[in-house]
Amino acid sequence: MIPVKSFSERRQDVASQMRKGIAIIPTAPERVRNRDAHYPYRFDSYFYYLTGFGEPEAVLVVVAESDKGTSKSILFCREKNVEREIWDGFRYGPDAARETFGFDETYPIDKLDEMLPRLLAGQPTLYCAFGHDTAWDARVLGWVNQVRQQSRSGITAPAELRDIRLLLDEMRLFKSTEELQVMHRAAEISGGAHRRAMQKTRPGMGEYEVEAELLHEFRRHGAQAPAYTSIVAGGANACVLHYVENNATLRDGELLLIDAGCELDGYAADITRTFPVNGKFSPAQRDLYQLVLSAQAAAIAEVKPGNTWDAPHNAALRVLAQGFVDFGLCHGNVDEVIQTEDYKRFYMHRTGHWLGLDVHDAGEYKCNGEWRPLHPGMTLTVEPGCYIRPADNVPSHFWNIGIRIEDDVVVTETGCEVLTSTAPKTVAEIEELMQHQHNG
């Protein structure tokens, strides 16, 4: 787990960037699934990044006073309640939360409406995630208006409103050593789950049966949940990018695409592997698979300091476009296929995204209109693919083949490191693993 000291240092870092003002960051609310049953609770990533506090009904307030060289962090949270703990489980309460998580002050959440106008008074700038939750926006502005009503007493309200996410996104983009340790472990668990899925898959199984093997492996090794809804897509279902029904029967001779990763202590892994249901690639499947694998290798080679964000995508795209021409799927030379975007019939998404506390993690991809340079500590996915739907101008032996290969990669001082290398990826690795298991 991330040490408590790291969360405290992040709050101090935010305060120093604010210079002077106040930030209000709430955690996520609990969500009702149906009637009186709730979805499993998951904290807000921004709030957790600064607190490490996983309970609902909590708000962080950071007050920065650069002219005094001081700052303070205040947590509002649920009070201790022995009766509710019998039903719902342990809660820290303000006193234990202050001691455990290193806050300067802690108060019951019921005091929030009473205390926030006083905390806002005299502050020049208010930082908040405006636009994320309209009900919360209205509540915050209600506190600001209460302060404005005291203007004849010489009390001033914040004159400037800023989005706290602009500061936090840049911080979250660069992973610390402690964060990378958690992400390594999440990747290791997720890689093992993909390996298990390959070992268990047989023709005639339901996609949901393979999904159950993934979930089993996640929880067996301590991950709290899937980082996102797992995609377990056999045959033509793999050509649906966000297929999540996972209810079809796996058929002999088809491929199975699995996009799944666990969440460990808040941090996500995100892996995609594609493999034959019967353990043996057909010639057409092998050709397309090798193409996507080569495209991924070209992209990963471009993940290094100094290269821009789009360099891996462009490298993968050129390899894919050449393959599409070679296989008769696109016509013309590579530059023409890319310029006309003819390739988008078969490859319609980008080659990756930031990864961290969110699967599609915080951080801008462009700065001042230009693709941003890569730097050590940035963590991203590399995930080229191809998706061939039936069409009159498409060779029939490629129909209904969907392939994506995705790994999690961190930029290092000299290049990059693939975090998810434990998941088999080459044709030989996959066939050997599956053949051995099927024979066994």
Side-chain angles (χ1 to χ4, degrees), residues 4 7-8 10-11 14-15 18 21-33 35-65 71-123 125-150 153 155-158 161 164 168 266:
V4 170
F7 296 105
S8 178
R10 290 171 187 170
R11 295 193 294 271
V14 166
M18 290 164 56
I22 184 170
I24 307 173
I25 303 107
T27 195
E30 294 180 286
R31 301 288 186 185
V32 175
R33 183 181 186 276
R35 203 169 174 84
D36 59 353
H38 287 76
Y39 284 103
Y41 182 70
R42 207 280 186 177
F43 44 75
D44 175 79
S45 294
Y46 289 106
F47 173 87
Y48 186 80
Y49 181 76
L50 293 175
T51 65
F53 189 74
E55 293 183 15
E57 297 183 78
V59 175
L60 171 68
V61 176
V62 177
V63 181
E65 298 185 53
S71 65
K72 66 179 178 180
S73 60
I74 305 168
L75 180 75
F76 292 84
C77 66
R78 302 179 301 184
E79 291 193 84
K80 288 292 287 183
N81 185 320
V82 175
E83 182 177 350
R84 286 316 313 167
E85 289 184 58
I86 292 171
W87 290 91
D88 303 325
F90 173 80
R91 55 176 69 180
Y92 279 94
D95 292 340
R98 182 177 62 254
E99 295 299 320
T100 303
F101 295 93
F103 297 105
D104 298 301
E105 299 174 19
T106 51
Y107 300 99
I109 190 68
D110 293 343
K111 296 281 188 181
L112 190 67
D113 287 324
E114 173 190 335
M115 293 187 62
L116 254 296
R118 294 206 299 267
L119 290 169
L120 286 163
Q123 293 295 341
T125 307
L126 168 59
Y127 291 83
C128 203
F130 294 105
H132 176 67
D133 182 329
T134 54
W136 178 256
D137 289 351
R139 191 174 179 186
V140 171
L141 292 176
W143 296 327
V144 172
N145 287 333
Q146 285 184 49
V147 180
R148 285 175 177 157
Q149 290 169 7
Q150 303 174 64
S153 300
I155 298 173
T156 58
L161 306 181
I164 188 64
L168 293 177

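For this chain, numbers begin at 1 and follow the sequence in order. These figures come from a predicted structure and were not determined experimentally.
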Going by heavy atoms in the side chains, are [X] and [Y] under 4.5 Å from each other?
X      : Y      : answer
Glu65  : Lys72  : no
Val63  : Gln123 : yes
Val62  : Tyr127 : no
Tyr107 : Pro94  : no

*Would the number of heavy atoms belonging to other residues, nucleotides or ligands and lying under 6.0 Å from NE2 of His38 be above 12?*
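Check passes, neighbour count above 12.
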
*Qualifying residue, where the test is ring pair (Phe, Tyr, Trp, His ring centres under 6.0 Å) with Trp136 and the options are Trp143, Phe130, Phe47*: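 By the ring pair (Phe, Tyr, Trp, His ring centres under 6.0 Å) criterion, Trp136 pairs with just one of Trp143, Phe130, Phe47: Trp143.
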
*ring pair (Phe, Tyr, Trp, His ring centres under 6.0 Å) with Tyr48: which of Phe101, Phe53, Phe7?*
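Answer after filtering Phe101, Phe53, Phe7: Phe7.
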
*Qualifying residue for side chain to side chain contact (heavy atoms under 4.5 Å, CB included) with Leu119, from Val147, Ile74, Leu112*: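 Among the candidates, only Ile74 passes.
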
I'd like to know if the side chain of [X] and the backbone of [Y] have a donor-acceptor N/O pair within less than 3.5 Å.
X     : Y     : result
Thr27 : Asp44 : yes
Arg78 : Glu57 : no
Glu55 : Tyr92 : yes

If you round to the nearest 0.5 Å, how far is [atom2] of [Y] from [atom1] of [X]?
X      : Y      : atom1 : atom2 : value
Leu60  : Thr106 : CG    : OG1   : 12.0 Å
Leu161 : Thr125 : CG    : OG1   : 8.5 Å
Ile109 : Cys77  : CD1   : SG    : 7.5 Å
His132 : Ile25  : NE2   : CD1   : 12.5 Å
Cys128 : Asp133 : SG    : CG    : 9.5 Å
Arg148 : Leu141 : CZ    : CG    : 7.5 Å

Minimal non-hydrogen separation, [X] against [Y], with atom names:
X      : Y      : result
Arg11  : Gly102 : NH2-O, 3.2 Å
Leu50  : Val14  : CD2-CG2, 3.8 Å
Ala23  : Met18  : N-CE, 3.6 Å
Ser71  : Ala64  : CB-CA, 4.2 Å
Ala28  : Tyr41  : O-OH, 2.6 Å
Gly266 : Arg42  : O-NH2, 3.1 Å

_Test side-chain hydrogen bond (donor to acceptor under 3.5 Å, both in side chains) applied to Glu30 - qualifying residues, sequence neighbours left out_ =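 By the side-chain hydrogen bond (donor to acceptor under 3.5 Å, both in side chains) rule, Glu30 matches no residue at all.
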
